[in-house]
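This report concerns only the one structure given below.
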Amino acid sequence: MSLASLSAPETFLQLARDIVWPRKRLWLLLHFTALLLGLDYWLSSFWFEPDTPFDLLALYRPEGDTQYVAIVSNLARGQFGESALYESFGTGVEAFPLGSMALHVLCVAILGPAGHMLADGIAAVFYYLSSLSFS
Amino acid sequence: MSFGLPKSYARIGSLLTASGLTVQAVNWCASKSLIPPVQLLYWGERLPRPEVSEIPLLLTTALSCALILFVDAREGRWVWITWGASLAWLVQGDIHGAAGIGLFSGPALLVAALRVNGWRAGALRISLAFGALIVFLLPFFIQNLATPFEVTRRWGAFPLSRLHPPSQLEAEWPRVLQALALAWVAFAVRKTFERSSLMRAPWPKAASGALGQVLLLTGLGLAAWVMMPAFVIVTGQGLQLYHFPDRFSRFIAYVILIALLLISEVLLRAIFSWTRSLVRPRSRETLPLIVGVVCSCYVINARAAEHTVSYGPPREGFPGTGAYKKDFIELTRLLLSKDFAHAKVLGTFDHATMLWWVGFKPGFLLAPDPFLTSRPDAELEERFVALAKEVHISKGHFESIVKSYTSHIFYLSGAKYNTSPLYKIQPDSDYTAQQLSAIKSDYLLTGFSIQVPHSVVESLTKLYEGPREHWDHYKMPDVIVTNRHDQVYGHSPDPRVYERRLQNSTFDLWSKRAPQPQ
C-alpha cells in the first residue's frame with residue numbers, strides 16, 4: 001500500500017461499489033456468510049425436520065408473530081384488498097404498510113412458500129451491506 | 001463506511017453485528033466486569049421488523065452521513081433521490097424508527113445542502129430528496145386514506161395531547177450520556193494518536209474528519225432520545241409506544257458500536273504500526289476475514305440447534321411444536337386433499353390453523369384475526385359470536401372467554417382495549433376497582449395490556465343471547481377445527497350438521513355434512 005493511496009480519500013461512489021462488489025473478490029466470502037446467516041433456520045429445518053413442508057416451515061419462522069406470513073402470502077397472490085372473508089373478498093385495501101413486507105411478497109410471488117427462504121437470505125445480505133455502508 | 005472505518009475492519013464489524021456476536025462479546029465483557037453493563041440490540045429474524053426494516057434504517061442514516069461527508073455524493077443527484085426512497089421505505093416498514101431517523105437526517109440534509117456549491121443547486125437537491133420521499137410514500141398515503149380509524153385503533157392507536165407528550169427523557173438520559181461519552185472518547189483517542197510519534201505509519205486521509213464522525217454520532221444519540229415526544233407532538237397519537245424504547249436501544253447500540261470500532265481501530269492501527277515488520281500487510285486483511293467467517297459459522301451452527309428446541313403447546317403468536325407440530329402437519333395435509341377441495345370457510349379458535357388456512361390453503365374465515373381484516377369492529381364481534389354459537393359454547397363459558405386476552409387480541413378487537421396510565425378507551429366507571437388499580441400501576445408504554453370494560457362484556461353477551469339474524473348472513477363454516485389447548489376445547493358443533501373427519505392427539509376436525517335429499 002503506497003503513501004499516495006493512503007492520502008487520497010475514496011469517493012462515495014467508489015466506496016458504494018466496493019461494498020456491493022468488492023475489488024478483492026475474496027471479500028465476497030463475507031456476502032456468502034451473511035447469506036448463510038439468513039438461511040440458517042431453513043437449513044437446520046431441512047436437516048432436522050426433512051418431512052415438514054415449506055408452508056409450515058414459513059409459518060414456523062423464528063420469533064413468532066405469524067400473522068405477517070399470512071398477509072405476505074395473500075399479497076403475493078395479488079390480493080391487495082380483503083382476503084380473509086368470503087362475503088367481502090377483494091373489497092377495500094390492505095391496511096398494513098407494505099414497505100417491509102415487499103421483499104417477501106415478491107419472492108413468494110415467484111417461488112411460492114419457498115420464497116420466504118429466498119427473501120430471508122436476501123434480507124440478511126442486504127442487512128450486512130447496509131450495516132457496512134453505515135459503519 | 002460512512003464513518004470512515006477501514007474497509008476490512010468495517011466488513012468484519014458488520015458481519016459480526018448481523019450474526020449477533022457483537023452483542024454476545026459485549027455481554028460477555030460486561031459479565032466479567034471488563035466494561036460497564038451495556039444494553040445492545042441490533043438485528044433479528046422477526047418478520048418484517050427488524051429483519052427487513054433495519055435495512056432502510058441503516059441505509060437512510062448512511063446516506064445522510066454520506067451527503068455531509070462526501071463531495072461526490074453531495075454534488076450528484078442520485079444519492080439525494082435514494083435518500084428519499086430509502087426513508088419512504090422505512091416509514092412504510094418501521095414508523096417508530098422513521099421518527100428518529102427523520103429527526104436525525106432532516107437537519108443532516110440541510111447541512112449537506114448548505115455545503116453544495118450555490119444555493120440553487122442546494123435547493124434543487126433538497127427538492128429531489130423530498131420529491132422522491134413523497135412519490136415513494138404514495139402507497140402509504142393511499143392506504144391511510146382507505147383505512148378506517150377503527151382499524152388503526154385495533155393496532156393500538158389512541159389520541160394523546162400534543163402539549164403533554166409522554167417521554168422517558170430522564171430515564172434514558174444516562175444511556176444517552178454513556179453512548180455519547182464513548183463517542184467523544186473515541187474522538188479524543190483518535191486525535192491523540194493521530195499526532196503521536198508512536199504512530200509510525202501515516203494516518204490515512206479519510207473523507208470524513210474525526211470531528212464530523214463524532215458530531216454525527218452525537219446527532220444520532222440525541223435523535224434517539226427525543227423521538228418519542230417528537231412523534232406524539234407531530235401526530236397527536238400514541239401507536240404501540242413500547243416500540244420507542246426498543247428503537248432507542250437500537251440507535252444507542254449503533255452509536256456505541258461505531259464508537260467502539262473507532263477506538264479499537266486506533267488501537268489496532270497502533271499495534272500494526274509497531275509491528276509493521278512482523279505482520280505483513282496482506283495478513284492484516286486475511287486475518288479479519290478468517291475471524292469473521294469462522295465466528296459466523298459458529299453462530300450458524302449454534303442457531304441451527306436453537307431452532308430445533310421444542311416449546312410444546314402453542315403460545316401467543318407462536319404455533320406449538322413437538323406433538324402439536326406433528327399433528328398440525330397431519331391436519332394440514334388432510335385439508336389440502338381433494339376431500340376438502342370444496343371447503344371455503346373455516347371456523348377455528350386455533351390461531352396457527354387460522355393463519356395457515358388463509359395463507360396457504362387459501363380459504364376464508366368465519367372469525368378472523370383482527371389484524372387480517374379492515375372490516376368494522378361490530379362485524380368482528382358478530383362473527384366471533386357466530387363461531388361461539390356454532391361450537392355450542394355455554395353462556396357462562398362465553399362470558400368468561402369474552403374477557404380473555406386471547407379472545408380480544410386474536411379474534412375480537414386486537415389492541416383496542418389496551419389500557420395504560422396514559423389512556424383507556426372507556427371512563428373509570430366502566431372498569432372494576434381491580435382493573436383500575438392494575439391500569440394505574442401498569443407500564444406507561446404498554447401495548448397489549450387488555451382490560452375489557454363492563455359495557456363491552458354486557459353488549460357481547462347480549463349479542464350472544466340475541467336473535468340469529470345478527471350473524472345469519474355470514475357464510476357458516478364448511479370445516480371447524482378445535483385443538484385441546486384452545487379455550488373452547490370440549491365443545492363441538494352439532495353432529496347433525498357436522499361430521500368428525502379427524503381426531504389426533506391435538507386436533508378435532510369437523511366437516512359439514514352434505515345436504516340430505518328431500
Side-chain angles (χ1 to χ4, degrees), chain A residues 1 3 6-7 9 11-13 15 18-19 26-27 29-30 33-34 36-37 40-41 43-45 48 52 55-56 59-70 73-74 82 84-88 92-93 95 97-101 103-104 113 123-124 126-128 130-135, chain B residues 1-3 5 10-11 13-15 17-19 43 45-48 51-55 58-59 61-62 66 70 72-73 89 92-93 140 143 146-147 151 202 204-207 281 292-293 296 300 303-304 307-308 317-319 345 355-356 358-360 364-365 368-369 371-374 475:
Chain A
M1 193 179 279
L3 283 180
L6 279 174
S7 60
T11 65
F12 180 70
L13 193 61
L15 280 172
D18 198 41
I19 287 171
L26 195 60
W27 287 109
L29 195 56
L30 296 194
T33 312
L36 288 181
L37 282 170
D40 69 341
Y41 160 72
L43 299 177
S44 60
S45 298
F48 292 108
T52 307
D55 51 350
L56 292 198
L59 205 61
Y60 277 82
R61 285 185 82 269
E63 303 190 31
D65 282 353
T66 39
Q67 292 100 323
Y68 292 103
V69 174
S73 300
N74 284 324
E82 192 68 56
L85 302 175
Y86 179 79
E87 294 79 4
S88 44
V93 174
L98 308 174
S100 50
M101 290 189 291
L103 173 66
H104 284 74
F126 276 18
Y127 177 75
Y128 162 67
S130 54
S131 169
L132 187 51
S133 64
F134 170 74
S135 60
Chain B
M1 294 182 184
S2 299
F3 287 94
L5 286 162
R11 284 191 169 104
S14 302
L15 189 68
T17 304
S19 68
W43 196 56
E45 292 173 288
R46 183 185 176 275
L47 176 71
E51 184 182 85
V52 181
S53 64
E54 208 65 6
I55 298 166
L58 287 177
L59 196 59
T61 316
F70 290 86
D72 68 312
W89 181 12
Q92 294 170 85
F140 183 66
Q143 282 180 297
T147 303
V151 174
K205 187 183 172 191
V293 173
S296 300
I300 292 165
R303 287 213 303 220
H307 288 313
T308 59
F318 291 81
V345 178
L355 297 174
W356 174 85
V358 173
F360 299 104
F364 304 106
L365 298 162
D369 183 319
F371 195 62
L372 300 178
T373 177
S374 302
K475 182 168 166 44

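The figures here come from the full heavy-atom set of this structure, side chains too, leaving out hydrogens, waters and symmetry mates. Everything quoted here is computed from the prediction, not taken from an experiment.
- Across B:Leu59, B:Val345, B:Val293, the residue that shares the most heavy-atom pairs under 4.5 angstrom with chain A is B:Val293.
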Open item on the list: Please determine whether side chain to side chain contact (heavy atoms under 4.5 Å, CB included) holds for the pair B:Glu51 and A:His104, giving the CA-CA distance in whole Å, both sets of side-chain angles, and the decisive distance to 0.1 Å.
Closed with: CA-CA 11 Å; B:Glu51 184 182 85; A:His104 284 74; 3.1 Å; yes
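- Top candidate by heavy-atom pairs under 4.5 Å with chain B, chosen from A:Ala70, A:Ser73, A:Ser130, is A:Ser130.
- Chain A forms the most heavy-atom pairs under 4.5 Å with one residue out of B:Gly93, B:Gly359, B:Gly13, and that residue is B:Gly359.
- Considering CH2 of B:Trp89 and CG of A:Leu98, their distance stands at 13.5 Å, rounded to 0.5 Å.
- One side chain, B:Thr373 or A:Glu82, offers a donor N or O that lies under 3.5 Å from an acceptor on the other.
- Put simply, OG on B:Ser296 and CG on A:Leu37 are 5.0 Å apart, with the number rounded to the nearest 0.5 Å.
- With a 4.5 Å cut-off on non-hydrogen atoms, B:Phe371 touches chain A through its backbone and its side chain both.
- For the atom pair CZ of B:Phe70 and CG of A:Leu15, the computed distance is 4.5 Å after rounding to the nearest 0.5 Å.
- Between the CG atom of A:Asp18 and the CZ atom of B:Arg11 there is a distance of 5.0 Å, given to the nearest 0.5 Å.
- Your options are A:Pro113, A:Gly99, A:Ser100, and the one with the most heavy-atom pairs under 4.5 Å with chain B is A:Ser100.
- With a threshold of 4.5 angstrom between heavy atoms, B:Thr147 approaches chain A through side-chain atoms but not through N, CA, C or O.
- Between B:Trp356 and A:Val69, the closest side-chain pair of non-hydrogen atoms is not below 4.5 Å.
- To the nearest 0.5 Å, the span separating CG on B:Leu372 from OH on A:Tyr68 amounts to 11.0 Å.
- Using a distance-only test at 3.5 Å, with no hydrogens or angles considered, a donor-acceptor pair links the side chain of A:Glu87 to the main chain of B:Lys475.
- B:Leu355 contributes atom CG, which lies 12.5 Å from atom CG of A:Asp55 (distance to the nearest 0.5 angstrom).
- Contacts of B:Val151 with chain A are made by side-chain atoms alone, with heavy-atom separations under 4.5 Å and no backbone atom involved.
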Task: Verdict with supporting geometry, B:Phe364 and A:Leu85, side chain to side chain contact (heavy atoms under 4.5 Å, CB included) - done: CA-CA 5 Å; B:Phe364 304 106; A:Leu85 302 175; 5.6 Å; no
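- Between the side chain of B:Asp369 and the backbone N or O of A:Gln67, no donor-acceptor pair lies under 3.5 Å.
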